[in-house]
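Report on one structure; see the data block that follows.
Just so it is clear, the values below take in all heavy atoms, side chains as well, and ignore hydrogens, waters and symmetry mates. Counting starts at 1 for both ligands and their atoms, following the listed order. As the structure is a computational prediction, the values presented were derived from the model and not from experiment.
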Amino acid sequence: MIISALKSSDKLDNRSPIHPDTASALIKLGAEVNFETGIGEGIFASDNIFEDLGLKLSTREECLKSSDLVISNQPLNIDEISLMKTGSTLLGMVNPFSNQELIDSCAKSKINLVSMEFIPRITRAQKMDVLSSQANLAGYVSVLESASLLSSALPMMMTAAGTLKPARVFVIGVGVAGLQAIATAKRLGARVEAFDTRDVVEEQVNSLGAKFVKIDLGETGQTDQGYAKELTPEQIQKQKDLQSDVCARSDIVITTAQLFGRPAPQLIDNRTIEKMKPGSVVFDMAVESGGNVEGSLVDEVVIKNGVKIVGYSNLASRVADHASLALSNNFNHWICDFHDSTENKIIFDFEDEIIKSSVLVYEGNIINERFK
Ligand code: NAD
């Protein structure tokens with residue numbers, strides 16, 4: 001089996017789908033592992049490092065043409081799909097909800113497509129869960145970037161020159177990213193409050209030493225995969241009204257609220273921003289999926305009434321080495337779990353829950369109902 005790892009095609013994404021510390025797992029399978037030249041630039045890993053580990057340097061075109069399995073942390077374009085061998089597999093982060101064209105072209109060219117975004121949320125699949133591994137780092141980065149834009153420090157400091165009050169941080173949405181944001185802000189000494197529509201997270205918030213803000217929105221809840229259920233427009237309005245006082249007293253507000261496969265809910269509007277203190281920071285972690293904050297723009301800091309609204313994308317890429325280590329482990333686990341050593345190939349057993357969920361296209365057919 002020939003496996004090829006591609007360099008990220010997005011200039012803002014410094015991550016690599018292979019990492020020097022984890023590449024041996026693929027070599028041990030008995031596979032030939034190729035990589036696109038320059039793949040490790042964003043993590044300061046030269047081509048030589050990968051060659052010394054037994055991987056083979058190649059061009060992007062050669063990787064696409066020769067491989068049985070291509071791994072990529074960005075979607076491919078249609079021309080690239082047309083270069084791949086019939087019956088080969090693309091395993092990657094392919095942003096499927098905005099990439100119907102890619103899905104259709106894989107079906108047409110009989111390329112199997114595995115979307116790492118569709119790894120199911122079951123215990124056995126946690127080691128393959130790219131959304132969680134990257135959201136965790138993104139939550140950490142959101143706090144560091146917000147702190148760097150604030151004109152005060154986060155911890156309380158009792159100095160001879162006076163007592164400096166701790167910063168107040170409010171985290172909206174307590175999934176993987178939100179929990180890490182809370183933990184990071186606490187470690188830096190901030191006073192942290194948090195809210196989520198899934199009230200099951202109250203205990204997790206308290207266990208990190210933060211305070212859960214109680215807002216009664218009537219019936220809310222979560223799906224069997226642990227994702228939040230969409231709120232009604234009336235519930236969203238109520239949430240905006242009731243949480244605006246918490247925003248007004250905060251120095252940093254970090255929003256992480258997402259709805260799987262749907263645009264993110266807008267939770268902070270201009271009325272709330274007008275109530276906030278000049279110099280405070282609102283960090284919109286959902287900016288790439290529609291945004292939680294009115295007026296946030298991708299990769300920009302918009303200043304409104306002195307409040308900095310931050311919309312940085314590719315957050316995990318700002319800690320690219322750790323992000324690549326986690327990502328490569330996620331990919332390797334999928335490959336190793338479904339590789340058959342006798343036949344030296346990937347076995348697609350649709351009785352397996354992980355295969356059933358993550359494989360979007362197989363042998364020319366779109367498997368996942370959402371994309372038919
Ligand atoms: P996500 O990225 O889909 O959303 C982020 C958070 O925003 C969620 O906690 C969600 O409840 C919240 N949210 C949505 N609308 C909101 C609103 N209007 N106001 C406030 N908050 C709102 O979520 P996620 O990080 O993927 O995690 C969701 C859950 O799944 C978590 O409890 C997580 O621990 C769990 N999880 C389980 C597994 C597993 O079992 N394998 C893997 C990953 C995550």
### Query
With atoms numbered from 1 as shown, which atoms in ligand 1 lie under 4.0 angstrom from a non-hydrogen atom of Gln239?
17 (C), 18 (N), 19 (N), 20 (C)

### atom 21 (N) of ligand 1: the protein heavy-atom neighbour that sits closest, reported with distance to 0.1 Å
Gly173 CA, 3.5 Å

### Task
For atom 40 (O) of ligand 1, grab the closest protein heavy atom and report residue, atom and distance to one decimal in Å.
Gln126 NE2, 3.5 Å

### Message
Distance under 4.0 Å to a non-hydrogen atom of Val174: what atoms of ligand 1 satisfy this?
### Response
9 (O)

### Distance filter under 4.0 Å to Ala228 heavy atoms, resulting ligand 1 atoms
10 (C), 11 (O), 14 (C)

### Query
Between atom CG of Leu325 and atom CZ of Arg15, what is the distance when rounded to the nearest 0.5 Å?
13.0 Å

## Note on the structure
In this structure, atom 25 (O) of ligand 1 is nearest to the protein heavy atom Val176 N, 2.7 Å

#### Entry: Exercise: identify the closest heavy-atom pair between Ser250 and Ser280
O-CB, 3.8 Å

### Query
Judged by non-hydrogen atoms, does Leu231 sit under 4.0 Å from ligand 1?
yes

## Note on the structure
Closest to atom 1 (P) of ligand 1 by heavy-atom distance, out of Gln180, Gln258, Gln222, Gln266, is Gln258

### Query
If you measure from each heavy atom of Ala135 to ligand 1, is any distance below 4.0 Å?
no

## Note on the structure
Counting heavy atoms under 4.0 Å, the part of Arg198 that contacts ligand 1 is side chain

#### Entry: Atom pair CD1 (Ile309) and CG (Leu149), whose distance is rounded to the nearest 0.5 Å
12.5 Å

### Task
Can you measure from CG (Asn73) to CD1 (Ile39) and round to the nearest 0.5 angstrom?
8.0 Å

### Query
Can you list the atoms of ligand 1 that are under 4.0 Å from a heavy atom of Ser132?
42 (C), 43 (C), 44 (C)

#### Entry: CE on Met1 to CG on Asp68, rounded to 0.5 Å
7.0 Å

### Message
I'd like to check atom 34 (O) of ligand 1 in this structure: does the protein have a heavy atom lying under 4.0 Å from it?
### Response
no

### Task
Pick out which of Arg60, Lys56, Lys7 makes a salt bridge (Lys or Arg N to Asp or Glu O under 4.0 Å) with Glu36.
Arg60

### Query
Under a 4.5 Å cut-off applied to non-hydrogen side-chain atoms, are Asn329 and Lys127 in contact?
no

### Task
For atom 9 (O) of ligand 1, grab the closest protein heavy atom and report residue, atom and distance to one decimal in Å.
Asp196 OD2, 2.6 Å

### Task
Indicate yes or no for a side-chain donor-acceptor contact from Ser109 to the backbone of Ser105 under 3.5 Å, with no hydrogens or angles considered.
yes

### Summary
Smallest heavy-atom separation, Val174 atom then Thr256 atom, equals N-OG1, 4.3 Å

### Task
Assess Phe260 for proximity to ligand 1: is some non-hydrogen atom of it under 4.0 Å away?
no

### Query
Only one of Leu102, Thr89, Leu113, Ile111 clears side-chain contact (heavy atoms from CB on, under 4.5 Å) with Val361; which?
Leu113

### Message
To check your reading of the model: name the closest protein heavy atom to atom 5 (C) of ligand 1, its residue, and the distance in Å.
### Response
Thr256 O, 3.3 Å

## Note on the structure
In this structure, atom 24 (P) of ligand 1 is nearest to the protein heavy atom Arg121 NH1, 3.7 Å

### Task
Check ligand 1 against Asp129 and write out every atom of the ligand that is under 4.0 Å from a heavy-atom position of the residue.
42 (C), 43 (C)

### Backbone N/O of Ser132 and side chain of Asp129: donor-acceptor pair under 3.5 Å
yes

### Task
Determine whether the aromatic ring centres of Phe195 and Phe170 lie less than 6.0 Å apart.
no

### Query
In terms of residue, atom name and distance, what is the protein heavy atom nearest to atom 28 (C) of ligand 1?
Gly226 O, 3.3 Å

### Minimum non-hydrogen distance to atom 22 (C) of ligand 1, winning option of Ala138, Ser289, Ala257
Ala257

### Message
Any side-chain to backbone donor/acceptor pair from Asp349 onto Glu351? Under 3.5 Å, distance only.
### Response
yes

### Message
For atom 23 (O) of ligand 1, what is the closest protein heavy atom, and at what distance to 0.1 Å?
### Response
Gly175 CA, 4.3 Å

### Message
Quick check on contacts: which atoms of ligand 1 are under 4.0 angstrom from a heavy atom of Tyr227?
### Response
3 (O), 26 (O)

